[in-house]
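Let me begin by presenting the structure, written as structure tokens, before commenting on it.
Here is how names work: the chains are called A, B, and so on, in the same order as the sequence lines, proteins then strands, and each is numbered from 1.
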Amino acid sequence: MTYHPVNPTLADPLPADALELLRSMYEIRFFEDEIMGLFSQNLVRGSTHLCQGQEAVTVGVCSALSPGDTMTCTYRGHGAVLAMGAPLDRAFGEILGRAGGLCGGKGGSMHLADVSVGALGSNAIVGGHLPTTVGAALAASYRGTSEVSVAFFGDGSTNIGAFHESLNLASIWKLPAIFVIENNQYGEYSTLASTTPIERLSDRAASYGMPGVFVDGNDVIAMRSATKTAVERARAGEGPTLIEADTYRHSGHSRSDPAKYRPEEEVKSWFARDPIVQLRNAIEASGGADAAAEVERTAHTDVDAARDLALTWPEPELSAGMEHIYS
Amino acid sequence: MTYHPVNPTLADPLPADALELLRSMYEIRFFEDEIMGLFSQNLVRGSTHLCQGQEAVTVGVCSALSPGDTMTCTYRGHGAVLAMGAPLDRAFGEILGRAGGLCGGKGGSMHLADVSVGALGSNAIVGGHLPTTVGAALAASYRGTSEVSVAFFGDGSTNIGAFHESLNLASIWKLPAIFVIENNQYGEYSTLASTTPIERLSDRAASYGMPGVFVDGNDVIAMRSATKTAVERARAGEGPTLIEADTYRHSGHSRSDPAKYRPEEEVKSWFARDPIVQLRNAIEASGGADAAAEVERTAHTDVDAARDLALTWPEPELSAGMEHIYS
Amino acid sequence: MSDTLNYRQVIARAIADEMREDPDVFMIGEDIGAAGGAFKTAAGLFEEFGPRRVRDTPISEQAIVGAALGAAIMGLRPVAEIMFADFAGVCYDQIVNQVAKHRYMTGGQVTVPLTIRMANGAGTGFAAQHSQAGENWFLNVPGLKIVVPATVEDLYGLLRGSIRDNDPVLFFEHKGLFSVKGTVPTGDAAVLPLGVASVVREGSDITIVATQQMRHRSVEAAEALAAVGIAAEVIDPRTLIPFDDAAVARSLAKTSRLLVVQESPQDGSWGASLVSRMTTQHFTLLDAPPSLLSSPDSPVPYAGVLEDAWLPSVDAIVARAKELVAF
Amino acid sequence: MSDTLNYRQVIARAIADEMREDPDVFMIGEDIGAAGGAFKTAAGLFEEFGPRRVRDTPISEQAIVGAALGAAIMGLRPVAEIMFADFAGVCYDQIVNQVAKHRYMTGGQVTVPLTIRMANGAGTGFAAQHSQAGENWFLNVPGLKIVVPATVEDLYGLLRGSIRDNDPVLFFEHKGLFSVKGTVPTGDAAVLPLGVASVVREGSDITIVATQQMRHRSVEAAEALAAVGIAAEVIDPRTLIPFDDAAVARSLAKTSRLLVVQESPQDGSWGASLVSRMTTQHFTLLDAPPSLLSSPDSPVPYAGVLEDAWLPSVDAIVARAKELVAF
Ligand SMILES: Cc1ncc(C[n+]2csc(CCOP(=O)(O)OP(=O)(O)O)c2C)c(N)n1
Ligand SMILES: Cc1ncc(C[n+]2csc(CCOP(=O)(O)OP(=O)(O)O)c2C)c(N)n1
Ligand SMILES: [Mg+2]
Ligand SMILES: [Mg+2]
């Protein structure tokens with residue numbers, strides 16, 4: 001299975017909700033700008049992994065989902081969780097370690113979860129959440145309901161055992177799961193080619209008898225379209241799909257990585273294909289310049305307001321540390 | 001990658017050492033007959049997993065190896081360890097739990113090892129030894145020497161994470177490893193089709209950018225021939241090969257399994273393709289009837305003598321229990 | 001109304017009784033379907049509940065446990081089987097980093113009503129990779145509950161109690177006890193809560209705490225001790241997390257002598273943890289040094305003489321108890 | 001001749017010194033090459049020793065550890081890196097069932113001179129899946145050695161000692177100590193044997209045993225205690241397996257009061273194991289209940305206030321010591 005052209009794309013007439021997609025991507029972009037800012041003020045602990053540059057993947061995929069569908073993702077999961085509809089303020093609150101955070105401050109940047117919108121959990125163990133998505137899909141299959149579950153994960157994660165086991169099990173049971181590789185070309189600092197003996201990760205789908213689709217991950221419409229096909233297949237009981245989204249992270253692996261190992265030309269060419277700029281250009285080209293500018297402006301305002309609100313929230317009570325271990 | 005016809009086979013003129021191959025297969029067959037006998041006398045503990053019916057796989061593969069090459073295998077490993085050249089008596093001794101056993105009685109049926117002949121260890125964790133073979137191959141690559149390392153494992157083992165990680169690592173480093181699937185059509189009691197969403201396991205090689213070869217595992221010459229190609233490739237620094245040997249176990253998964261779940265027709269057709277009978281027929285057809293009969297007879301005598309000898313050996317001293325934990 | 005069953009048989013009985021009452025309960029594991037499980041502990045379940053609720057999986061424990069986790073998060077009550085406790089090694093991440101922490105990391109957004117059953121322990125000749133006391137791998141991981149039943153009644157009641165529990169439970173079934181017989185009351189009254197010890201035998205001279213196989217040996221030892229005028233109280237905690245410390249402390253208030261017997265090395269064991277809790281919290285109850293009778297610090301050897309010596313014997317318990325009483 | 005380095009820097013120094021002396025020593029792990037490791041603990045090694053001896057791997061810890069095992073069996077001396085100790089979960093089988101047991105199961109046919117390095121511990125805001133005290137997962141597994149250095153000198157000497165050791169060593173580098181400074185003597189004299197405790201500070205009123213981060217807090221506490229006239233002896237065992245029980249017993253003979261401080265829950269911990277060994281074997285040395293100051297039974301929370309409270313503080317150590325001395 002190699003390149004599967006997916007339509008429609010940004011080249012085609014835009015969908016009615018293009019501005020919604022733009023807004024969602026802007027929110028993620030600005031959210032992470034703020035996170036960086038908070039980090040440098042020492043208000044964020046540990047590490048944080050930005051998905052800037054990859055917004056079209058999560059926004060495109062999640063825009064193809066319906067209420068009740070679920071999603072798992074990685075430590076690079078701000079975008080995915082927000083794209084599912086988690087509130088900005090509570091996402092800020094979580095990363096700030098506040099009581100009002102999505103997880104009461106116990107999870108942090110790497111563990112954002114908002115189960116009420118289907119964001120089942122962000123995982124800090126590479127590959128660790130793929131089986132969870134298999135299980136969420138199993139629940140739907142078991143109950144005979146129609147929800148699908150999506151797992152986002154990186155290119156480097158396709159080499160770990162849990163990837164293999166999860167795709168195999170999902171396929172043999174024809175579960176409504178969608179596996180989305182966010183191929184941002186690097187693990188932490190290692191290029192894909194240095195760790196993976198094949199070029200097209202979506203080709204690995206063949207080992208599991210499922211379709212493998214390679215998509216322009218910086219084209220939000222293409223991502224949505226590919227996902228829609230996978231969702232239909234999943235809801236029809238035909239089983240899982242592996243989608244490889246070709247994309248790029250704008251910054252380093254984590255806040256401590258200046259990403260000096262990347263060739264300048266490569267960085268440049270990918271920045272030129274910034275998923276937000278591309279969608280905005282398309283919107284402007286179809287006469288939506290003002291509306292797009294307004295979306296950008298309000299996204300900015302909303303993000304700032306959410307940040308400011310979250311900053312007013314108190315830290316957790318000490319007693320919270322011993323809550324939620326058992327039920 | 002699908003069916004790769006491999007030549008020569010039993011259909012072609014026999015190699016000079018055909019009788020040696022026959023002898024090796026008979027020894028394994030008779031060895032396991034005796035193990036069953038000892039089991040029913042309560043002289044063997046735990047469980048034991050026979051490879052009867054699969055002798056051509058291990059004998060064919062190991063006959064293509066050279067001194068210094070290494071091998072890892074599973075709990076169904078009597079054949080592989082004997083095919084590497086481990087002495088019959090000490091193999092009996094191990095399974096009988098005697099001090100003179102290959103591992104001093106500490107390993108038993110599932111853990112036969114004779115490092116002096118390259119049998120690095122039999123593993124009772126599905127997939128657990130594949131990384132070990134990767135490491136043995138890495139040692140050769142690191143030193144710039146020419147040894148290859150073979151891992152034998154079952155069809156069911158291709159669904160576990162360690163399989164995926166091992167093949168990927170061996171391939172990216174172009175290590176001299178050979179991965180041999182003994183596809184005996186079943187896991188413990190589950191058919192391949194019930195656990196694995198594809199038909200040709202050797203096709204999984206494509207996920208790792210290595211050749212995948214499907215071979216008649218009941219044809220010892222075909223197995224050797226396929227292995228030779230893989231060995232040459234490995235020694236030339238071109239990396240690993242995945243070989244799928246199509247075969248059948250004559251009895252159940254372990255001594256407690258009467259294998260009632262197998263269709264009578266299927267059992268019949270596989271027994272008709274008994275690897276030993278096939279080689280013997282070919283030898284007889286080329287005028288070697290007497291020599292073959294003699295090989296069978298001496299193999300029997302040698303196995304019996306080895307068993308009798310091992311039965312005279314004492315149990316381990318109690319102090320042995322605390323030896324070989326640390327160096 | 002009650003039935004006489006053995007430990008092996010009552011497993012399926014308990015699961016069936018829960019499955020009949022709650023349609024959200026289902027089983028997931030290797031060869032548990034038509035085959036009825038490697039130990040036949042699932043015998044009859046597939047016939048009664050069919051492939052939707054008794055789900056045969058590929059050999060992929062990470063996917064099994066993780067899929068169970070995902071399904072549990074979505075409100076089902078999976079009963080996962082890991083064939084031997086030793087194989088928890090291949091899905092350890094899923095158990096300790098995912099299952100145990102998911103509720104906590106999400107700040108209590110989900111519960112994880114998941115039971116993981118595993119065959120445990122030494123004494124049956126299965127050697128180092130199939131004989132470990134798996135419970136000791138998980139003691140340091142908050143978020144899990146650990147159950148170690150020794151009798152038919154406890155197994156039945158605690159397995160049903162575990163399946164009903166809203167938290168993840170690791171349920172260890174000891175292979176050495178499969179033929180132990182007992183009487184199973186039917187109905188909900190037989191369901192046991194987790195965290196309540198059983199005082200198996202009352203006595204005022206010494207408190208012996210033991211689980212599973214060692215509980216039975218301790219009772220035998222207590223009988224032998226009674227013959228020489230020593231009244232041993234035997235306590236089976238039945239669950240290790242939560243642990244009924246109060247029951248042990250109550251006993252120590254009478255006996256002031258503590259002997260813990262276990263079939264594993266000391267370091268990192270539940271026995272050492274109990275000794276630590278009793279001495280740090282109830283020091284003044286003790287009139288003699290606490291004693292921890294354990295296996296030596298070695299893997300489990302295969303040979304019968306070695307494995308027998310590895311396990312604390314009735315004689316060793318008696319001898320240690322006498323020493324302690326004489327202190 | 002000596003250098004002042006910090007804990008993070010001295011890791012590469014120790015490895016380089018061993019690699020220069022022994023061509024069989026090599027490194028294997030994720031992003032340890034040109035990137036110098038996620039924590040830059042391998043900085044400079046790739047430049048000096050090149051890609052053959054500093055080997056970047058795919059994200060596949062099972063393959064990393066297993067390949068290191070295979071190479072060690074073949075006589076090399078691999079130094080494997082697992083980035084965070086928590087990730088030992090995904091290769092737990094390889095560590096406990098393969099690495100720890102290979103020598104034993106083969107009856108001593110091989111040695112396993114393998115060092116596995118991991119970043120350990122809490123306090124840096126990395127949350128539940130990146131902050132655990134990994135040493136406690138392995139205590140119950142004979143065949144492994146466990147090293148937990150707290151200072152630059154100990155790290156240097158023990159890392160070299162571990163690489164030279166012929167047995168598998170789990171080597172935990174505490175993330176909270178990366179900036180601790182110290183003086184590194186060059187030359188073989190600095191190589192430390194495993195199993196010898198360090199009496200960090202002498203005292204006659206109470207024995208405080210602690211490792212890594214808690215050792216430093218205990219020294220601080222001892223200073224505070226000295227100010228109120230309590231002379232605390234602080235012992236850092238430095239290795240947990242083997243454990244220098246004699247050093248603790250010697251101290252107890254003076255102080256008759258034991259306080260163990262650790263940054264993990266109690267059950268299954270090295271601290272509980274030590275309390276158990278001391279009370280079972282040296283009961284009469286104690287004039288007060290032993291005390292185990294631990295973290296609460298919860299996963300590691302993200303929020304700063306919660307994580308701080310999770311870790312035993314200097315104040316808590318002081319308070320507990322005062323109680324104990326007053327007993
Ligand atoms: C099991 C495990 N191994 C290693 C790591 C450390 N680690 C965190 S992110 C990462 C790189 C992952 O690369 P990729 O899957 O491509 O995702 P990306 O970060 O590029 O989104 C690694 C090695 C981990 N978290 N878990
Ligand atoms: C990790 C792990 N899971 C499960 C088992 C139990 N088990 C032993 S053999 C076996 C079936 C293996 O099937 P296959 O790989 O086809 O090998 P075969 O026995 O047919 O040679 C299973 C599930 C195990 N030993 N290790
Ligand atoms: Mg990536
Ligand atoms: Mg098989």
- Item | From Thr57(C) atom OG1 to Glu165(A) atom CD, the distance as rounded to the nearest 0.5 Å | 9.5 Å
- Query: What is the distance from atom CD of Gln98(C) to atom CD1 of Ile125(A), rounded to the nearest 0.5 Å?
  - Reply: 6.0 Å
- Task: Using atom types as modelled and distance alone, determine if a side-chain donor or acceptor of Gln62(C) lies under 3.5 Å from a backbone N or O of Phe163(A).
- Result: no
- Let me know if Leu76(C) has heavy atoms under 4.5 Å from chain A in its side chain, its backbone, both or neither. both
- Donor-acceptor contact below 3.5 Å, side chain His111(A) vs main chain His102(C): no
- Item | Proximal component of Thr70(A), with respect to chain C [non-hydrogen, under 4.5 Å] | side chain
- Looking at Thr72(A), Val115(A), Asn168(A), which makes the most heavy-atom pairs under 4.5 Å with chain C? Val115(A)
- Task: Answer yes or no: is there a donor N or O on one side and an acceptor on the other, between the side chain of His324(A) and the main chain of Gly107(C), under 3.5 Å?
- Result: yes
- Options Gly128(A), Ser122(A), Gly105(A), ranked by heavy-atom pairs under 4.5 Å with chain C, top entry: Gly128(A)
- Query: What's the spacing between Leu169(A) CG and Ile64(C) CD1 if we round to 0.5 Å?
  - Reply: 7.5 Å
- Note on the structure: One should read off an interatomic distance between Leu138(A) CG and Met74(C) CE, to the nearest 0.5 angstrom, of 11.0 Å
- Task: Return the option, out of Gly121(A), Ser141(A), Ala136(A), with the maximum number of heavy-atom pairs under 4.5 Å with chain C.
- Result: Ala136(A)
- Which atoms form the tightest heavy-atom contact between Trp173(A) and Asp56(C), and what is the distance? CZ2-O, 3.3 Å
- Can you tell which of Thr106(C), Ile59(C), Asn166(C) has the highest number of heavy-atom pairs within less than 4.5 Å of chain A? Thr106(C)
- Note on the structure: Value for OG1 (Thr132(A)) from CD (Gln94(C)), rounded to nearest 0.5 Å, stands at 6.0 Å
- Note on the structure: For Ala63(C) and Pro131(A) the tightest heavy-atom approach is CA-CB, 4.2 Å
- Note on the structure: Among Leu175(A), Leu120(A), Val134(A), the residue with the most heavy-atom pairs under 4.5 Å to chain C is Leu120(A)
- Query: In terms of heavy-atom proximity below 4.5 Å to chain C, should Asp114(A) be classed as side chain, backbone, both, or neither?
  - Reply: both
- How long is the span from the SG atom in Cys103(A) to the CE atom in Met105(C), to the nearest 0.5 Å? 8.5 Å
- Identify which part of Thr111(C) has an atom lying under 4.5 Å from any heavy atom of chain A, answering side chain, backbone, both or neither. side chain
- chain A: which of Leu69(C), Asp165(C), Asp93(C) shares the most heavy-atom pairs with it under 4.5 Å? Asp93(C)
- Query: Can you say whether Ile241(C) sits under 4.5 Å from chain A via the side chain, the backbone, both, or neither, judging by heavy atoms?
  - Reply: side chain
- When the 4.5 angstrom heavy-atom criterion is applied to Pro78(C) and chain A, the contacting part is neither
- Which heavy atom in Ala139(A) sits nearest to a heavy atom in Ala71(C), and how many Å separate them? CB-CA, 4.3 Å
- Could you look at Glu94(A) and say if it's the side chain, the backbone, both or neither that has a heavy atom under 4.5 Å from chain C? neither
- Item | Contacting region of Leu144(C) [heavy-atom separation from chain A under 4.5 Å] | backbone
- cation_pi(Arg52(C), Tyr142(A)) dist<6.0 Å, angle<=45: yes
- Message: Looking at Tyr326(A) and Gly143(C), would you say the former's side chain and the latter's main chain have a donor-acceptor pair under 3.5 Å?
- Response: yes
- Message: Shorter than 4.5 Å, heavy atoms on both sides: which option in Glu61(C), Arg53(C), Arg55(C) has the most such pairs with chain A?
- Response: Arg55(C)
- Item | Structural part of Ile172(A) lying under 4.5 Å from a heavy atom of chain C | side chain
- Task: Report, as yes or no, whether the 6.0 Å neighbourhood of atom CD on Glu47(C) holds more than 12 heavy atoms from other residues, nucleotides or ligands.
- Result: yes
